[in-house]
Structures are given as structure tokens and as C-alpha cells.
2 protein chains.
Amino acid sequence: MENLSIKPIVPATSLRTLAYEALKSAITNMDIYGAAGDVRLDERGLSQTLGVSRTPIREALTVLEQEGFVRNEPRRGVFVVKKTKREIVGMIQAWAALESMAARLACANAPDEDLACLRRTFPEFFEGQPFDHLDEYSEANIRFHQKIIKLGGCAVIQDLCGNLLVHVRGIRNTALRQGERALESIREHVRIIEALEARDADLAERLVREHGLGLAAHVERYGDHLD
Amino acid sequence: MENLSIKPIVPATSLRTLAYEALKSAITNMDIYGAAGDVRLDERGLSQTLGVSRTPIREALTVLEQEGFVRNEPRRGVFVVKKTKREIVGMIQAWAALESMAARLACANAPDEDLACLRRTFPEFFEGQPFDHLDEYSEANIRFHQKIIKLGGCAVIQDLCGNLLVHVRGIRNTALRQGERALESIREHVRIIEALEARDADLAERLVREHGLGLAAHVERYGDHLD
DNA sequence: GTCTGGCATCTGGTATGCCAGAAACCAGGG
DNA sequence: CCCTGGTTTCTGGCATACCAGATGCCAGAC
């Protein structure tokens, strides 16, 4: 009986979840700022396209509205939210706050081996010249920040940052391509890793915060295309 | 025509919103930890009690699930979430992160008059002996923190903290009643106000963070009744 | 040509019905 | 008495029908 290796069967993801994922990926992948007017999502149209009834669509849209991806005008329709520069900056600031706290908590609580493996996990940061494959680096960049947040060990912070990340992901990538930010960014990452390894909570927190706020300031200066 | 003073009419709050508010207040006001087993919310029962159909109830429950107040087990029912000590501590840590960032931003951006009015808005903090009316003080306490968050001027941080606050409100009140926390708390508030007035961003941030993390540590030590 | 008011139509909000999965219950065998 | 299998009942997931508000169009007045 023991070696039958029965695993719990999948609860067959609900249509609502499927609709949510489909819509979310559609929204995050589209170029919101390319379209001139507002982008409206038609419930009946979506229901027909996805082949399900309006009910799960509506529930998915409710969640997306909660998360700030769409806005619902009663009797008018639901529209994809175009985030303003100010909102993006605010998200990055909130993110900086949470990630710097995660860095502090990591210094206090993360096990030694987890801190030690940072350096091994991101060898790119110590090799210089990532410009030949900026896309890869951009991915490593995001993984790095998620790793720090995870090391903090606080599930609430991880959740909140997860939501913020989806909103800001695109921005972060484009910001990297402007000026010398990529090089600066890497240097800052290295210093953050060193601070974590030394378990210097104050320093790690400060570096992470300044790194995040630097991005916020950058968007504040050069992000006028968002409005 | 100009002096008719026509104001936009109210869009007659949707049933979904009404159901949401009813359920949320019911959940936050109930004593979750008194009940032994899980508390289940029956869709049909709620629908009959509130006098609306199941649809708005379901949509309200979806939002509440997003916000972490209820948990939905497919085909089983939706249950009121009992937060563990660990989760509460995590929320307070996240809150501390966000509020300390708000304090920093307030030092940088808030207008002088807003910072100056802090001292006037919370005279209780400068008078000592608030123990005769601990409930009032507890309210002032919460208003104080919300004020700081508002002074930060970051809408994202305000939103996130708003959600966290509802979850933690009860805890904060009971924590005040344990030991000498109220007196300490007031002293810390005064120092925070002074730092803000001096626009000392580093100090204000640190004080707010330590104030919040102090509460987290307190719950960590004495919050075993939550599990 | 422009403006206005009514009408056709579309869209989201709500109510309801049906179905499958889950729990509770019950009867029969050991 | 316990265990087991089936059956009943209940619950939530989904589909659909209907209603009211919003929009757009068009005819008629000027």
C-alpha cells in the first residue's frame, strides 16, 4: 500500500481561475500605452471568446479590479487601467519599503547557507559586461529582488511584492536600457549581497532602499511617456 | 445656471458593495478566536439573511477572499480565516516597512503646515496619563499612524496599509493593554513627531520602523493566544 | 446646418435554475 | 460493536434569463 505512490489528484482548476489567468496574462502582455483611447473588456465578448459563461468571467474581473489591473465603471464596462507615472513611482516606493524590510529580516533570520548561496546564484553580477544579453540580465535582476524578498521569510511581504512586481515588471526592464543604469544597478546588487553576507541589517536595508528609490527617481525623471 | 449648485447624484451603491461591507464588518467585529471550530459562511443562508440573491454575495466573498478575510474551499464552503500569530507578525512587519517609508517621504515632501499640525492634532501625546480613557487613546493611536501614512503622500502605501490595518486593528488594541506598552508607545510617538518636524528623514524612518517592529516583537512574545 | 428629444440597442447587475462534488446518514454484514 | 457501501441531502460552480441604466442614432424643429 505504501509503495503505490498515490498522489493527491488535481482539483481541476476552476473556470474562474482559468479565466483570471487568461485575462491577467493578456493584460500584462499587451502594450497598454500604445492604444490611444481606453481599452474596454466586454463581458459577453470575453465569455464567447473563452467559451465559458459570464459568471466566471465576472468573478475573474472582480479579482483583477481588486489587484488594480482593471477599473469597473457601473453600467459602462470594465477598462484596462493605464497607470500614471505617479502611480508607478508610488508602487516602486512601496516596493522599496517592503524589500528593504525583507533585507533587514533576512539579516536577522535567514540561515547562513541561504545567504551564502546568493553569490553563487547570481554569478552574472560579479563578471561585468552583461550588455550582450540584456534580456537575460533583466530576468536575473528580477529574480535577484525576489530572492531577497524570499530570504526575508515574511509571507505577507512576499505577497504584497508579488502583486507590485507584475505591475512594474515592464517598467523595470525599459529603465535598465536608459543610460548607465544597468552598470550602476549591478554594482549596487553586489554591495547588497555583501551587506547581507555580513548580516549588516542597517546597511543592507539602506542599500536596498536606496536602490529602489533610485529607480523611483529615475522613473520620476524619465517616465513621462507613461502619462 | 451657475448658482443652481447641482451636484452629481449618487450612483446608488450596488448590492455587491453593500453585501461586501456588511460581511466585512460582520467578520471584523466578530470574535474569531472565541469560536472553537472553523466558522463557515453559507452562501444561501447569507443571501436569505441579507435579502439579495447569491450573485452579489458571491462577488463580495470573492473580494473578501482576495483581501485575506475568508478562505474558499471548492465544493466545501467559505470559511472565516483565523490568522496565525506568524501571519499577524508578518502583517505588522510589512506595515512597519510601509509606514517608515511614508515617514521618510513625508520628511521629503509634506508641506510645512501639515507637519506642524501633527502636534496640535494629537495633544493627548503631550499630556501624559491617558489611562483613564484607554479606548479613546487607542483610537488616537490608530489615527496617528494613519496620519503619518497620509503625510507620505503615496497612494499605493496608503492602500496597502489600509488593508493591513483592518486585519491588525484588534491586536493593536489588546497589545496596548499589556504591560507598559501604552506609555512607551506615547513616548515613541512624541519622538516621531519631533523627527518629522525637524524633517530628519533617517531618524523619522528609524523611529517609525522600531516602533512598528517593537509591536511585532511584542506580539511574537505574548501573542500565543492567537494560535 | 444644428440642436433636441425619443427610440433602438447594447451592457452590466441581479436573480434563478441546474449540475457535480462532498458530507451526512443509514442499513447491512462481519 | 465497528466497519463498509450506498443513498440522500446539501453546497458551491456555472449557465442563463431578465431588468435597468447608458449609449448612439435618427427624425423633426428651428
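Order of the sequence lines sets the chain letters (A, B, ...), proteins ahead of strands, with each chain counted from 1.
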With 3.5 Å as the limit, what N/O pairs link the protein to nucleotides 9-11 of chain D?
from: dT11(D); atom 1: O3'; to: R40(B); atom 2: NH1; distance (Å): 3.3

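Smallest separation of non-hydrogen atoms from M91(A) and V168(A): CB-CG2, 3.9 Å.
Listed by chain and number, the residues in a ring-ring contact (aromatic ring centres under 6.0 Å, His included) with H211(B) are H145(B), H189(B) (sequence neighbours excluded). In this structure A103(A) satisfies the side chain to side chain contact (heavy atoms under 4.5 Å, CB included) test together with I148(A), L196(A), A204(A), V208(A), sequence neighbours excluded. Remark: N109(A) pairs with L105(A) by the side chain to side chain contact (heavy atoms under 4.5 Å, CB included) rule, at least two apart or across chains. Every side-chain hydrogen bond (donor to acceptor under 3.5 Å, both in side chains) that R71(B) has, sequence neighbours left out, goes to E73(B). Residues that satisfy the ring-ring contact (aromatic ring centres under 6.0 Å, His included) test with F122(B), not counting sequence neighbours, are F125(B), F144(B). Partners of E65(B) by side-chain hydrogen bond (donor to acceptor under 3.5 Å, both in side chains), not counting sequence neighbours, listed by chain and number: R16(A). Annotation: side chain to side chain contact (heavy atoms under 4.5 Å, CB included) contacts of R86(B) (sequence neighbours excluded): T84(B). In this structure Q48(A) satisfies the side-chain hydrogen bond (donor to acceptor under 3.5 Å, both in side chains) test with no other residue, sequence neighbours excluded.
Pairs passing the salt bridge (charged side-chain N to carboxylate O under 4.0 Å, His left out) check and including a residue from residues 92-104 of chain A, sequence neighbours excluded, read R104(A)-D202(A), R104(A)-E205(A).
Protein chain B contacts DNA chain C from dT14(C) to dA23(C), reading 5' to 3' and using non-hydrogen atoms of the protein with a distance under 4.0 Å.
Within residues 51-66 of chain A, the residues approaching DNA chain D are V52(A), S53(A), R54(A), T55(A), P56(A), by heavy-atom distance under 4.0 Å.
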